[in-house]
Amino acid sequence: MPELPEVETTRRGIEPHLLGHRVTGLVIRQRRLRWPIPRALDHTLPGQIIRGVRRRAKYLLLDTDVGTAILHLGMSGSLRLVPRDTPVGKHDHVDIQLDSGLSLRLTDPRRFGALLWTTEPAEQHELLAELGPEPLSDAFDGAHLCNAAHGRKLAVKQFIMDSHIVVGVGNIYASEALFMAGIHPTRQAGRIACARYDALAKCIKQVLAASIKMGGTTLRDFVGGDGQPGYFKQTLRVYDRLGEPCHTCGAPIRGKRIGQRSSFYCVNCQR
DNA sequence: ACTGGCTCCTGAGGGC
DNA sequence: TGCCCTCAGGAGCCAG
């Protein structure tokens, strides 16, 4: 479900309810997520005060004085703040109970998400150490893409979705950014001019920033940490618009599977 | 070193 | 109503 804008929307929604608050209890109903939730969390997190609510790529980081909880929402995960005694649903796997009487509740039907724990600086954790730059940072630009693309033969869409190249570009925004930049999604990454990568980097920043501003994309039932839906879906130009007219030229939007992921593009506007 | 394919899991929707 | 198939917003892992 969540792409970077949804994760950032969630972060902003939950942060004011967590920062400076003490964890009073931890309820784990289902330990088997993508990786088992480590037992170390059970007796270390309760009692701790949340000192930071950060995001790196699509990982949410909850800092305490003794370690950092690393959360990932996978395809179908969401976080909500609920009163402690709120009835539990089938896929409500974890409650982090807070001194305010609220609980941060992790719901994830498909269980592709994760909840891990590290006592090192989180950015040194093996899942985070090798990640590429944040797309909205100055470290990410066209030159970075152009350098990294040198000699690469895979489709540019798969290239920009590789978190070692740049983080946070998921399946929706990859299609959207390539349309905005006028680049065909199957073009080989190493056969794109640097000037076009400048445009693509700008489009990636633009589409992600715009989506964050609107609270993320609601495809089915995404809600941010404050329970409000996102409003970006209505602005999507190509994603999930198979056969509908291109907003620029009117040609029907085409669909194709690229690297096992559905992709959408306009054959006239993207080369 | 790259690349493509597979994998985890549940639920929704379409065809019959 | 039910069965079977395909697909879904992620991304680590593995063989070739």
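Protein chains get the first letters and strands the later ones, always in sequence-line order, with residue 1 at the start of each. What you see is a predicted model, and the numbers here were worked out from it, not measured in a lab. Side chains are part of it too, since the values below use all heavy atoms of this structure and drop only hydrogens, waters and symmetry mates.
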- Message: Starting the side chain at C-beta, find the nucleotide from dG4(B), dG9(C), dG12(C) nearest to Gln158(A).
- Response: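 It is dG4(B).
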- Query: Which nucleotide sits closest to the side chain of Ser163(A): dA8(C), dG12(C), dT3(B)?
  - Reply: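 Closest of the options to the side chain of Ser163(A): dG12(C).
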Just call it for [X]: base, sugar-phosphate, or nothing, with non-hydrogen atoms closer than 4.0 Å on any strand.
X: Arg111(A); result: sugar-phosphate
X: Gly259(A); result: nothing
X: Phe159(A); result: nothing

- For dG9(C), which nucleotide in any strand shown is its Watson-Crick or wobble partner with both distances under 3.5 Å?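 WC or wobble partner does not exist here.
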- What is the pairing partner of dC9(B), taking Watson-Crick or G-U wobble pairs with both distances under 3.5 Å in any strand?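 Paired with no nucleotide.
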So does [X] get a side-chain nitrogen or oxygen closer than 4.0 Å to the phosphate oxygens (OP1/OP2) of [N]?
X: Lys90(A); N: dG11(B); value: yes
X: Arg34(A); N: dC9(B); value: no
X: Ser76(A); N: dG11(B); value: no
X: Lys58(A); N: dA11(C); value: yes
X: Ser262(A); N: dG9(C); value: yes
X: Arg261(A); N: dG10(C); value: yes
X: Tyr239(A); N: dA8(C); value: no
X: His72(A); N: dA11(C); value: yes
X: His164(A); N: dA11(C); value: no

- Asp99(A) and Thr24(A): side-chain donor and acceptor closer than 3.5 Å?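 Their side chains do not contain a donor-acceptor pair, so the 3.5 Å distance test is not met.
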- Task: May I ask you to check whether Tyr173(A) and Ser211(A) show a side-chain donor-acceptor distance below 3.5 Å?
- Result: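 Yes.
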Rounded to whole angstrom units, what separation is found between the [atom1] atom of [X] and the [atom2] atom of [N]?
X: Asp108(A); N: dA11(C); atom1: CG; atom2: C1'; result: 14 Å
X: Lys153(A); N: dA1(B); atom1: NZ; atom2: C1'; result: 12 Å
X: Arg257(A); N: dG4(B); atom1: CZ; atom2: C1'; result: 14 Å
X: Gln30(A); N: dC8(B); atom1: CD; atom2: P; result: 15 Å
X: Ile212(A); N: dG9(C); atom1: CD1; atom2: C1'; result: 15 Å
X: Glu176(A); N: dG9(C); atom1: CD; atom2: P; result: 13 Å
X: Ile37(A); N: dC8(B); atom1: CD1; atom2: P; result: 19 Å
X: Phe264(A); N: dA8(C); atom1: CZ; atom2: C1'; result: 11 Å

Please determine whether residues [X] and [Y] belong to a single hydrophobic cluster, defined as Ile, Leu, Val, Met, Phe, Trp and Tyr linked transitively by side-chain heavy-atom distances below 4.5 Å.
X: Leu26(A); Y: Leu60(A); answer: yes
X: Leu116(A); Y: Phe112(A); answer: no
X: Leu178(A); Y: Tyr239(A); answer: yes

- Query: If you pin Arg110(A) and Leu127(A) to their nearest nucleotides in DNA chain C, which one's is more 5'?
  - Reply: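 Looking at the nearest nucleotide for each, Arg110(A) comes out on the 5' side.
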- Near-parallel close stack of Phe112(A) and dC8(B) base (under 5.5 Å, under 30°):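 Stack criterion met.
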- More than 12 heavy atoms of other groups within 6.0 Å of Gln124(A) CD: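 Yes, because the 6.0 Å sphere around CD of Gln124(A) holds more than 12 heavy atoms from other groups.
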- Message: Between Leu154(A) and His91(A), which residue's closest nucleotide on DNA chain B lies nearer the 5′ terminus?
- Response: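 Closest to the 5' end, via its nearest nucleotide, is Leu154(A).
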